[in-house]
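Comments concern the structure below.
Each chain gets a letter, A, B and so on, in the order the sequences are listed, and its residues count up from 1. Computed from a predicted model, the values in this text were never measured in an experiment.
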Number of protein chains: 2
Amino acid sequence: MPRSKGPAQPPAETGPAAARHLPEATLVRLTQYLRALTELREAGRARASSEVLAEAAGVNSAILRKDLSLLGSYGTRGVGYETEVLAQRITECLGLTHEWRVSIIGAGNLGRALSGYGGFRNRGFSVVALFDASPDLIGRDVNGLRVANVAFLEDVLTFTRTNMAVLAVPGPVAQGLVDRVVRVGVRSILSFAPVVLQVPEGVTLRKVDLATELQILAYHAQQAAHADPERS
Amino acid sequence: MPRSKGPAQPPAETGPAAARHLPEATLVRLTQYLRALTELREAGRARASSEVLAEAAGVNSAILRKDLSLLGSYGTRGVGYETEVLAQRITECLGLTHEWRVSIIGAGNLGRALSGYGGFRNRGFSVVALFDASPDLIGRDVNGLRVANVAFLEDVLTFTRTNMAVLAVPGPVAQGLVDRVVRVGVRSILSFAPVVLQVPEGVTLRKVDLATELQILAYHAQQAAHADPERS
DNA sequence: GTGTGTGAAGTGTTTCACAGCT
DNA sequence: AGCTGTGAAACACTTCACACAC
């Protein structure tokens, strides 16, 4: 903090775990930095400059430095960042020291794909339950989990101490499930259902929508075709 | 256009299909409006005000009107928007009149889930091929598609006139596949691989990253817990 | 009267460029 | 000398609020 305004007043951090209210765009990039740092560490690099890190994360170095400065001063001028220290710091900020217990609702193709996704088990996420409504699926073993009956959703969520829910169900039933999940205290939901969902204050909902992604690609492809009408 | 600046100069639209360079954020919402319009039309509504439409799409009405104004004047003051006309207009703008031929690369859990996803077949997207490298999967029938050998990727992409690729493969092989896909002229790629990917100018790449989504949820949950330390 | 379309203001994010620490 | 951390400028996006068309 090289500049003091008026009477010296250190910025009153409540400790190294501070950093309130990170911008949404920064959060997305922090996860990328974390991945890049993991790769660099596996490659044996103890230090990296903002330039190197930015390259590995696929962003420019100015925004990387700006993002990291929001977490506090964790680099060394003239040298760079220590990969281990920085990775630890980002992990802390993102709340990944906490253990997150994820339940997946919907054991169709997508739900099964998610339950087997390796990225979950890393970094403090563990899948603790998988639900479905279909008698054909209930009781079956999927990636080491027994598919539970969604009729018992509330009991199982409570018993497993679930604190994150992933919805991989058809649109029409999604809102009802959101309501049930919220009622037993889950406050973080990731939905793959292509519908608008309402959640009360204090509950975070994120959506992934495959149709939206394709439609945006279509737009850009069409634009490119306008500029250069060649390959369809 | 109620206001002319200086000598009358109509905004030189090249026709109703114009609307260059829509902001990324607007594109995302346009897909939501399109879905909302489809629902409204199915419910028999021929007209809707920005208020009603915004509610159905889960956004506020001011931004909806601003977004739609970028496509031209398609509403009627004092009345609202005609659902059919507007849906048609958005469909046009997004490039969904074109037929998009999608190949899915990777027939693991996720690739299979994607190939069966109903949202693809609607709105001009058709899945024309599904690839894998594993002898256990090649030749098997998945949702009416025979899994093709990724060794023949180039030939099959060309033969099927693929113009969009979806990557559902492990991180380490993703960049190589991007390069191959780009080399045969595909310019729109959606990747589920959790790695930074490089594409040349003129190719659009979008990424969906499950680990990132969960990590962002974790951050918000942690923030909420700081404010109100109660349920884990 | 009603509800769109849009300037203007407000807010958020990125880039620039360089002072200052190592 | 080199690289971080950060004000300041530029850019992007959202919200406000109201003139105007119907």
Side-chain angles (χ1 to χ4, degrees), chain A residues 1-6 10-11 13 18-30 32-33 37 40 45-83 85-86 89-90 216, chain B residues 1-6 10-11 13 18-30 32-33 37 40 45-83 85-86 89-90 216:
Chain A
M1 295 289 172
R3 224 176 197 290
S4 54
K5 3 175 170 175
E13 297 266 330
R20 280 307 112 77
H21 295 311
L22 299 171
E24 201 62 24
T26 295
L27 287 175
V28 173
R29 287 187 300 265
L30 283 179
Q32 295 163 0
Y33 304 157
L37 284 166
L40 289 169
R45 296 195 61 144
R47 289 208 198 89
S49 68
S50 62
E51 202 65 60
V52 167
L53 235 177
E55 159 91 34
V59 302
N60 79 58
S61 64
I63 195 90
L64 178 139
R65 291 200 304 278
K66 186 70 106 180
D67 286 338
L68 294 184
S69 78
L70 297 175
L71 315 187
S73 266
Y74 284 79
T76 309
R77 292 174 190 218
V79 177
Y81 300 89
E82 289 200 35
T83 52
V85 173
L86 186 55
R89 177 69 181 128
I90 295 176
I216 293 172
Chain B
M1 296 288 174
R3 226 174 195 291
S4 53
K5 0 176 172 174
E13 296 268 328
R20 280 308 112 78
H21 295 311
L22 298 172
E24 201 62 24
T26 294
L27 287 175
V28 174
R29 286 187 302 266
L30 284 178
Q32 295 164 0
Y33 304 156
L37 284 166
L40 289 170
R45 297 195 61 146
R47 289 207 199 88
S49 67
S50 62
E51 202 65 60
V52 167
L53 234 177
E55 160 91 34
V59 303
N60 79 58
S61 63
I63 195 93
L64 179 139
R65 290 200 303 280
K66 187 71 107 182
D67 286 339
L68 294 185
S69 78
L70 297 176
L71 315 188
S73 266
Y74 284 79
T76 310
R77 292 178 188 213
V79 178
Y81 300 89
E82 288 199 37
T83 52
V85 173
L86 187 55
R89 178 69 180 129
I90 295 176
I216 293 172

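Pairing each heavy atom of E51(A) with each of S61(A), the nearest pair is OE1-OG, 3.5 Å. The minimum heavy-atom distance between G75(A) and Y81(A), with the atom names listed, is CA-CD2, 3.4 Å. Nearest heavy-atom pair, Y33(A) versus L68(A), reported as atom, atom and distance to 0.1 Å: CD1-CD2, 4.0 Å.
For the pair S49(B) and T26(A), both in contact range of DNA chain C, the more 5′-proximal nearest nucleotide belongs to S49(B).
Taking only side-chain nitrogens and oxygens, T76(B) never comes nearer than 4.0 Å to OP1 or OP2 of dT4(C). Between dG3(C) and R47(B), no contact under 4.0 Å exists linking OP1 or OP2 to a side-chain N or O. At the phosphate of dG5(C), OP1 or OP2 sits under 4.0 Å from a side-chain N or O atom of Y81(B).
Look at CD on E55(A): it is 15 Å from P on dC3(D), rounded to the nearest Å.
Within residues 60-69 of chain A, the residues having any heavy atom under 4.0 Å from DNA chain C are, by residue number, N60(A), I63(A), R65(A), K66(A).
Between N60(A) atom CG and K66(A) atom NZ the span is 12.0 Å, to the nearest 0.5 Å.
A rotation axis mapping the C1' atoms of four pairs onto the next four is fitted at both ends of the helix from dG1(C)-dC22(D) to dT22(C)-dA1(D) over five pairs, and the angle between these axes is 0° to 10 degrees.
Put simply, the residue from L37(B), L40(B), L53(B) that forms a side chain to side chain contact (heavy atoms under 4.5 Å, CB included) with R45(B) is L40(B).
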